[in-house]
Protein chains: 4
Amino acid sequence: MALDTRERVRRAAVKLFAAKGFHGTGIRDLAQESNLSTASLYHYMGSKEELLADIMRGCLRTLLDSATAQTTDVEDPAIRLSRLVKLHVRTHARLPRETRIVDHEIHVLAPATRRSVVALRDSYESLWADAVADGVASGVFTTAHPGVTRLALLEMCNGVARWYSPRGSMSLDDLASHYADVALRAVGACPQRSPEGQSKGE
Amino acid sequence: MALDTRERVRRAAVKLFAAKGFHGTGIRDLAQESNLSTASLYHYMGSKEELLADIMRGCLRTLLDSATAQTTDVEDPAIRLSRLVKLHVRTHARLPRETRIVDHEIHVLAPATRRSVVALRDSYESLWADAVADGVASGVFTTAHPGVTRLALLEMCNGVARWYSPRGSMSLDDLASHYADVALRAVGACPQRSPEGQSKGE
Amino acid sequence: MALDTRERVRRAAVKLFAAKGFHGTGIRDLAQESNLSTASLYHYMGSKEELLADIMRGCLRTLLDSATAQTTDVEDPAIRLSRLVKLHVRTHARLPRETRIVDHEIHVLAPATRRSVVALRDSYESLWADAVADGVASGVFTTAHPGVTRLALLEMCNGVARWYSPRGSMSLDDLASHYADVALRAVGACPQRSPEGQSKGE
Amino acid sequence: MALDTRERVRRAAVKLFAAKGFHGTGIRDLAQESNLSTASLYHYMGSKEELLADIMRGCLRTLLDSATAQTTDVEDPAIRLSRLVKLHVRTHARLPRETRIVDHEIHVLAPATRRSVVALRDSYESLWADAVADGVASGVFTTAHPGVTRLALLEMCNGVARWYSPRGSMSLDDLASHYADVALRAVGACPQRSPEGQSKGE
DNA sequence: GATGAATGAGCTTTCATTCAT
DNA sequence: TATGAATGAAAGCTCATTCAT
């Protein structure tokens, strides 16, 4: 099954933006990597910046949708946080380039576009904030600085995208579970009675 | 006390590289921020890339020297790791822009320069690796994947540079201690009997 | 017949490089003379230096090919030398700008490019050297310093590019014949019995 | 005896202008070659262009003065031409860099300066023109195109600066005599009865 | 006499993008 | 759909020169 041209361009952009940065990647680099002329490129994207924004929004939307699906109607804040962490870690391990782009290149976007991306990110992070806040409210979590804790946990998990290798010694499931444990400990929950079994889902 | 021009240029670069990225920062931006003409800029730097490399090396050397000073002749691996984490967190909280530049812009450097910077970073990280390895060897730490643990901890601490604000609710000392606790837990040490009192030093 | 753009650029470069020198000619001068923007210029050339090298190689290749065609299978060294001189003079009179560029700007080229151009020039000059050497070997020529003689003759003929004007009082044929006579005298041959009739060809 | 600084600058300029061309030589190159700072350079020269003009004028004035001294009050046009050629050849062999600068870089000069240099050159060349004209008028020379002949002879001799090496197989005296012979033959004089003995003088 | 500091103007080249075909 | 041609703007950097010290 031949790869859709638009998708080829997207992948080229993901590869190059992650490796050399948005400003370090020229339109000619994208064209070459996509096996297209620079002019043809513009049949498949609006502008370089829109291409970047599309990648970011796609990544964040997937994350947000998955996270929403996995936490909706889940009462226990510990289970919610655990699932969020596992999903986040898995996503950053599997799509390190997309997630690094989201993490590193937001400053590039023009204000209007940036707002739309940041809004998505905020929606996603509010799932984390809610889980933490609910845990604190119900007495399951104890943390003096919920906001700080949320950010610290998020950044810790983001880091996975910068070092995880599927060829390494650790399985993705173990990794995700390990990070979930660390997170629950960080909010003062008792992860030794694991809130739920190994979740494979994403 | 008037600020040395060379230092003014360095600060301008730190500010702009951190905010807009190396490739997103033009030589004219640097000149304006330094209150210099673009031509004058070149009295105080070799090239834009050398300026970047100098900033990176300066940051890493300071970190390496401080870390070495604080861990040399310290037997206990838990104390060493604790001090490394605290220093790292403090440095990333106090110099978030320098450290983010080190973390984000290494790919920009030409191979030869990159090697020199990476060598410094490796020297620094080997202090972490040694502490973890010694702890494991002496049975104080238990971690199945020392390499992964080191990277995960480093990235967790790096994250501080991306969110910490001195105007926030958490003091730098509390933050550093907190991260040290998390780190010791992550390697299976027992931080409840804190390996040493609150160290204020850097 | 409209002039190919690439050729327009080449002619502009020939005109300007000859008049103001390579380093004295800016990319903006070339663009203006070619009726192109500076950016468009780069559709038709690799770089300013490659444009120069192309001009040089084109000129030398034409000269080499013509010279080879006119001297191959010619036994008599006097006839060969005579033809080489006439061709050289004619070429320098007709294409004074190209030939002056070849003569004046070789030092500009980067080492690798320079080697390729010098190799062409050496191939061409070896035709002269062979003619002289064969003439000496067969006793037709007498010159104590064949290498010096070759260089002196070449430089004498190169000079034509610096002063000949088609509006002057001397026809190109007369000029070429005259130089051939001088050359044969210089190697001690007897040109009064002209080695061949007036050759109009090139 | 230490070398006067002004003279050191002049020699540096001669070396570099000859090797890389006027426009190919930067003020920094000159400073480095002179062991001076760029600012100090301006104590010893007016501007880069004036330095060039000074070199040219110096070279031409020396040539003109020597030529005048050697031909004044000499009746025989053959002797005059012979001496002019010998002097010219010797000068171009001994000072190939200065003479090449005169030959190659006149187009660089601003109109006013150029006029002053060209005036000197014209004065010098008029000695040649006079010798040829007198020879033709008195019937000693026969050449249908005196102007062309003068230019061709001059260029032939100029060529010496581009190839002569003092380490070569030919002495300077032989070379100069040889060129004088060629020149006299070219104007139809009979050099076999050499117009005068070997002149060593310059 | 010597020079670090400074600069406006300029350099060659590349940028992202458009458009006619 | 695809692309050669085209470009205004900007990139990083160097130019020759001046001047206060």
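Chain A is the first sequence line, chain B the second, and so forth, proteins listed ahead of strands; every chain is numbered from 1.
- Distances from the side chain of H43(B) to the nucleotides dA2(E), dT12(E), dA6(E) place dA6(E) closest.
- The partner of dT21(F), taking Watson-Crick or G-U wobble pairs whose two distances both stay under 3.5 Å, is dA2(E).
- Just one of L51(B), L36(B), V9(B) meets the side-chain contact (heavy atoms from CB on, under 4.5 Å) condition when paired with L30(B); it is L51(B).
- Nucleic acid contact for T38(B): base, since at least one base atom lies under 4.0 Å from a heavy atom of the residue.
- Between I27(B) atom CD1 and dC15(E) atom P there is a gap of 16 Å when expressed in whole angstrom units.
- Separating the CE atom of M45(C) from the P atom of dA5(F) is a distance of 15 Å, rounded to the nearest angstrom.
- Comparing dC15(E), dT3(F), dA6(F) by their nearest atom to the side chain of S40(C) picks out dA6(F).
- Between L41(B) and E49(C), the residue whose closest nucleotide on DNA chain E is further toward the 5' end is L41(B).
- Rounded to whole Å, atom P of dT14(E) lies 12 Å from atom CG of D29(A).
- In this structure, CG of L30(D) is placed 17 Å from C1' of dT3(E), rounded to the nearest angstrom.
- Closest contact between the side chain of S37(A) and the listed nucleotides dT3(F), dT7(F), dT7(E) involves dT3(F).
- If you check distances only, the side chain of R28(B) does reach the base of dG12(F) with a donor-acceptor pair under 3.5 Å.
- Side chain of H107(C) to main chain of K20(D): a donor-acceptor pair is present (N/O by atom type, distance under 3.5 Å, no hydrogens or angles).
- Distance from the side chain of K48(B) is smallest to dG12(F) among dG12(F), dA2(E), dA5(F).
- Separating the CG atom of L16(D) from the P atom of dA16(F) is a distance of 12 Å, rounded to the nearest angstrom.
- Residue S47(C) is classed as a sugar-phosphate contact, given heavy-atom separations below 4.0 Å to backbone atoms only.
- When each of dT18(F), dA5(E), dG1(E) is scored by its nearest atom to the side-chain atoms of Y44(B), the top-ranked nucleotide is dA5(E).
- No donor-acceptor pair under 3.5 Å is formed between the side chain of R97(A) and the backbone N or O of K15(A).
- Of the nucleotides present, dA9(E) is the one that pairs with dT14(F) by Watson-Crick or G-U wobble criteria, both distances under 3.5 Å.
- Judged by distance alone, the side chain of T25(C) and the main-chain N or O of L16(C) form a donor-acceptor pair under 3.5 Å.
- Here the closest non-hydrogen pair linking S34(A) and A12(A) is OG-CB, 3.4 Å.
- Among all heavy-atom pairs drawn from I106(B) and M56(B), the shortest one is N-CE, 3.6 Å.
- Look at CG on D4(D): it is 13 Å from C1' on dG1(E), rounded to the nearest Å.
- Considering only the side chain of A39(D), dC19(F) comes nearest among dA16(E), dC13(F), dC19(F).
- The partner of dG8(F) is dC15(E), judged by Watson-Crick or G-U wobble contacts that both fall below 3.5 Å.
- For the pair N35(D) CG and dA2(E) C1', the computed distance is 14 Å after rounding to whole Å.
- Straight-line distance from the CG atom of L52(B) to the P atom of dC13(F): 12 Å, rounded to whole Å.
- Among the nucleotides dA16(E), dC13(F), dT7(F), the one closest to any side-chain atom of L36(C) is dT7(F).
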